[in-house]
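Data block below; observations after.
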Amino acid sequence: MTRTGPQNLLVTGGCGFIGSNFVRYWLEQHPESRVVVYDKLTYAGRKENLHNLWGSSYLSLVVGDIGDMDLVRRTCQENGIDLIVNFAAETHVDQSILGPLVFTDTNVRGTHVLLEVARELGIRLHHISTDEVYGHIRDGHQSVETDELAPRSPYAASKAAADQLVQAYAITYGLPVTITRGANNVGPYQYPEKAVPLFSTNAILGEPLPVYGDGKQMRDYAHVYDHCTGIETVLLRGEIGQVYNVGTGREMTNLEMVDLVLETLGKDHSLVKHVADRPGHDRRYSMNVEKLRALGWEPKYDPRQAVAEAAKWYEGNRWWWEPIRSGEFREYYNRQYAERLAGAAQQ
Ligand code: NAD
Ligand code: DAU
């Protein structure tokens, strides 16, 4: 059954990769809605991700931390918010290995604060979770929403804790919540610490592509557009209290993804360097997405199209990523890769 859509959305993390794609998509599809983006503007949160939308009377920005209960409450009250969509998070697995505590602060405590405000003000909350909460998946199985959670990295564990807090609030307090668990998203405005934008921009610059371990890990590379339509479907037709997987249901290896990036950009395979693996690297993610399909949703892109489209976007949008790559990103890149790449060169 279709419910009347929400009118006033608080989109936390709306200046990040998926959040900004969602805000753009939502305002195109629902021009009668008002969106308040609530974002701390960490290194991954960039106002330019919504560059041509600022100034519209339908969109505003509050710069703040989701852990700041007073500011979250005031923002919801002043804007008559009837739906919180929670994208805000620390999101990179490698960063969670280098410095895990902020992942607990934002992903666990921050989500908990949003739940408390939602409970106090009687607001529906939709939480963006991830396939990483299921842990790595044995061959032949696809995760379904009722599978036990078995996260293995600090990032995944913090997302699993948040996911379970959201479910606990539905059970204990009857809070109207929904959850989507997304696969690996690719597309415009993804910070270049993540594999597809990192490999695309490195290839364009003629720099090595650092593939962790043997590169045979499997991921479902889904276009961010399909994640946005999946979330919209759940917001409009999902059952309150339910969890929905969002992905294509098809995986490829990282080596296949790398080949596709190189082929799309017309670059040579000699750029690929196998480097020391990520500690605890999950070998395979794979989700069954039939529950979402049953609501009438279909992905528009298969994983190969998604990766190729993403690589082309980085080729055509150097204005977006060149300033990022010349800034604080360099320091992270050296910390994460200098030793690994030196090790690869000696092999
Ligand atoms: P991102 O890192 O690009 O963006 C995160 C956003 O959250 C940024 O705008 C950042 O400034 C903001 N933020 C961080 N800490 C905050 C805080 N304490 N208070 C307010 N804002 C804060 O992330 P993304 O890739 O767009 O991911 C968005 C959500 O989707 C996350 O919850 C992530 O776990 C989930 N997810 C991501 C993927 C993926 O492939 N990228 C897949 C499945 C689920
Ligand atoms: O699956 C959903 C998750 O996808 C989201 O919840 C996370 O927020 C998002 O970051 C992503 O996590 P991954 O760790 O799977 O994505 P990442 O882009 O970091 O890596 C994709 C694959 O590529 C993974 O197997 C690790 C590998 N990789 C990654 C980097 C950055 C490399 O081989 N080399 C690299 O330099």
Side-chain angles (χ1 to χ4, degrees), residues 11-22 37-47 49-50 62-68 71-72 85-97 102-103 105-107 109-111 113-114 127-134 136 151 153 155-156 158-159 162-163 180-187 189-199 202 208-222 224 227 231 245-247 251 253-255 257-258 272-278 281-287 333 336-337 340-341:
V11 179
T12 69
C15 288
F17 162 48
I18 306 174
S20 63
N21 277 282
F22 175 79
V37 168
Y38 185 102
D39 199 299
K40 190 178 175 183
L41 298 181
T42 67
Y43 72 94
R46 313 195 73 86
K47 274 181 78 176
N49 291 1
L50 289 166
V62 173
V63 179
D65 192 316
I66 56 169
D68 182 344
L71 185 59
V72 173
V85 187
N86 181 29
F87 291 94
E90 291 290 337
T91 60
H92 191 39
V93 174
D94 293 327
Q95 300 268 19
S96 85
I97 295 167
V102 67
F103 284 72
D105 294 342
T106 287
N107 301 1
R109 187 181 175 281
T111 302
V113 166
L114 296 179
H127 179 69
I128 310 298
S129 187
T130 164
D131 60 1
E132 299 209 12
V133 298
Y134 295 118
H136 66 174
S153 72
Y155 162 71
S158 69
K159 291 296 292 185
D163 188 312
T180 41
R181 295 186 181 140
N184 279 66
N185 277 214
V186 297
Y189 308 110
Q190 186 170 30
Y191 194 80
E193 65 191 349
K194 308 285 171 26
V196 169
L198 180 76
F199 292 166
N202 275 17
L209 275 49
V211 171
Y212 294 155
D214 64 7
K216 292 183 183 158
Q217 307 84 6
M218 304 198 79
R219 295 290 185 271
D220 175 349
Y221 289 104
V224 65
H227 195 176
I231 295 165
N245 291 340
V246 193
E251 315 92 69
T253 65
N254 285 334
L255 285 178
M257 175 270 282
V258 167
V272 173
K273 297 283 174 260
H274 287 269
V275 300
D277 208 347
R278 172 186 278 175
H281 197 168
D282 286 341
R283 198 73 186 161
R284 175 172 179 264
Y285 299 141
S286 179
M287 287 191 297
Y333 190 83
Q336 181 65 13
Y337 295 105
R340 280 184 157 95
L341 284 166

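These numbers come from the heavy atoms of this one structure, side chains and all, not from hydrogens, waters or symmetry mates. When a ligand or atom number is given, it counts from 1 through the structure's own listing order.
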For a quick check under 3.5 Å, do [X] and [Y] share a side-chain donor-acceptor pair by atom type?
{"X": "Ser286", "Y": "Glu251", "answer": "yes"}
{"X": "Asn254", "Y": "Tyr221", "answer": "yes"}
{"X": "Gln95", "Y": "Glu90", "answer": "no"}
{"X": "Tyr337", "Y": "Asn202", "answer": "no"}

Can you pull out the closest protein heavy atom to [atom]? Residue, atom name and distance to 0.1 Å, please.
{"atom": "atom 37 (C) of ligand 1", "value": "Ile18 CD1, 3.4 Å"}
{"atom": "atom 25 (O) of ligand 1", "value": "Phe17 CD2, 3.7 Å"}
{"atom": "atom 35 (C) of ligand 1", "value": "Ile128 CG2, 3.8 Å"}
{"atom": "atom 4 (O) of ligand 1", "value": "Gly16 CA, 3.4 Å"}
{"atom": "atom 44 (C) of ligand 1", "value": "Ser129 O, 3.1 Å"}
{"atom": "atom 42 (C) of ligand 1", "value": "Ala183 O, 3.1 Å"}

> If you round to the nearest 0.5 Å, how far is CD of Gln336 from CD1 of Ile97?
Replying inline: 7.5 Å

> Can you tell me how far NZ of Lys40 sits from OH of Tyr38, rounded to the nearest 0.5 angstrom?
Replying inline: 10.0 Å

Mind checking whether [X] contacts ligand 1 via backbone (N, CA, C, O), side chain (CB onward), both or neither, at a 4.0 Å heavy-atom cut-off?
{"X": "Arg181", "result": "neither"}
{"X": "Asn184", "result": "backbone"}
{"X": "Tyr155", "result": "side chain"}

> More than 12 non-hydrogen atoms from neighbouring residues, nucleotides or ligands closer than 6.0 Å to CZ on Arg284, yes or no?
Replying inline: yes

4.0 Å heavy-atom contact, [X] with ligand 1:
{"X": "Gly67", "answer": "no"}
{"X": "Ala222", "answer": "no"}
{"X": "Phe87", "answer": "yes"}
{"X": "Thr12", "answer": "no"}
{"X": "Ser20", "answer": "no"}

Per [atom], closest listed option by heavy atom ([options]):
{"atom": "atom 15 (N) of ligand 1", "options": "Val37, Thr106, Asp39, Val102", "value": "Thr106"}
{"atom": "atom 2 (O) of ligand 1", "options": "Thr111, Val113, Thr91", "value": "Thr91"}
{"atom": "atom 21 (N) of ligand 1", "options": "Lys40, Arg219, Gln95", "value": "Lys40"}

For [X], take its heavy atoms, then give the atoms of ligand 1 lying under 4.0 Å from any of them.
{"X": "Gly64", "value": "19 (N), 20 (C)"}
{"X": "Gly13", "value": "6 (C), 7 (O), 9 (O), 12 (C)"}
{"X": "Lys159", "value": "31 (C), 32 (O), 33 (C), 34 (O)"}
{"X": "Ala89", "value": "5 (C), 7 (O), 14 (C), 31 (C), 32 (O)"}
{"X": "Gly182", "value": "42 (C), 43 (C)"}
{"X": "Ala88", "value": "7 (O), 20 (C), 21 (N), 22 (C)"}
{"X": "Leu41", "value": "11 (O)"}
{"X": "Asp65", "value": "17 (C), 18 (N), 19 (N)"}

Flag [X] as yes when one of its N or O atoms lies below 3.5 Å from any N or O atom of ligand 1, and as no otherwise.
{"X": "Asn185", "value": "yes"}
{"X": "Thr42", "value": "yes"}
{"X": "Gly14", "value": "no"}

> Can you name the one residue among Thr91, Asp94, Asn184, Asn185 that meets side-chain hydrogen bond (donor to acceptor under 3.5 Å, both in side chains) with Lys194?
Replying inline: Thr91

Taking C-beta and beyond as the side chain, do [X] and [Y] meet within less than 4.5 Å on heavy atoms?
{"X": "Val211", "Y": "Phe199", "value": "yes"}
{"X": "Ser20", "Y": "Val37", "value": "no"}
{"X": "His281", "Y": "Gln217", "value": "yes"}
{"X": "Thr180", "Y": "Ile128", "value": "yes"}
{"X": "Lys159", "Y": "Thr111", "value": "no"}
{"X": "Arg181", "Y": "Thr130", "value": "no"}

Enumerate the pairs of nitrogen or oxygen atoms, one from ligand 2 and one from the protein, separated by less than 3.5 angstrom; state names and distance to 0.1 Å.
from, atom 1, to, atom 2, distance (Å)
ligand 2, 1 (O), Asp131, OD1, 2.5
ligand 2, 1 (O), Asn184, OD1, 2.6
ligand 2, 4 (O), Asn184, OD1, 3.4
ligand 2, 4 (O), Asn184, ND2, 3.2
ligand 2, 6 (O), Thr130, OG1, 2.7
ligand 2, 6 (O), Tyr155, OH, 2.6
ligand 2, 8 (O), Thr91, O, 2.8
ligand 2, 8 (O), Tyr155, OH, 3.0
ligand 2, 10 (O), Thr91, O, 3.2
ligand 2, 12 (O), Glu132, OE2, 2.8
ligand 2, 14 (O), Arg278, NH1, 2.6
ligand 2, 14 (O), Arg278, NH2, 3.4
ligand 2, 15 (O), Asn184, ND2, 2.9
ligand 2, 15 (O), Arg219, NE, 2.9
ligand 2, 16 (O), Asn184, ND2, 3.3
ligand 2, 18 (O), Ala195, N, 2.8
ligand 2, 19 (O), Arg278, NH2, 2.9
ligand 2, 23 (O), Asn254, ND2, 3.4
ligand 2, 25 (O), Arg219, NH2, 3.2
ligand 2, 25 (O), Asn254, ND2, 2.8
ligand 2, 25 (O), His281, NE2, 2.7
ligand 2, 33 (O), Tyr212, N, 2.8
ligand 2, 34 (N), Pro210, O, 2.8
ligand 2, 36 (O), Pro210, O, 3.3
ligand 2, 36 (O), Tyr337, OH, 2.6

Give the minimum heavy-atom separation between [X] and [Y], together with the two atoms involved.
{"X": "His92", "Y": "Phe103", "result": "O-CZ, 3.4 Å"}
{"X": "Ser129", "Y": "Asp163", "result": "OG-OD2, 2.7 Å"}
{"X": "Asn107", "Y": "Tyr155", "result": "ND2-CD1, 4.0 Å"}

>> Which residues pass the side-chain contact (heavy atoms from CB on, under 4.5 Å) test with Arg46, not counting sequence neighbours?
In response: Glu48, Asn49, Tyr191, Trp320, Ile324

> Excluding sequence neighbours, so at least two apart, what forms ring pair (Phe, Tyr, Trp, His ring centres under 6.0 Å) with Phe22?
Replying inline: Trp26, Phe87

> Considering residues at least two apart in sequence or located in another chain, which fulfil the ring pair (Phe, Tyr, Trp, His ring centres under 6.0 Å) criterion with Tyr285?
Replying inline: none

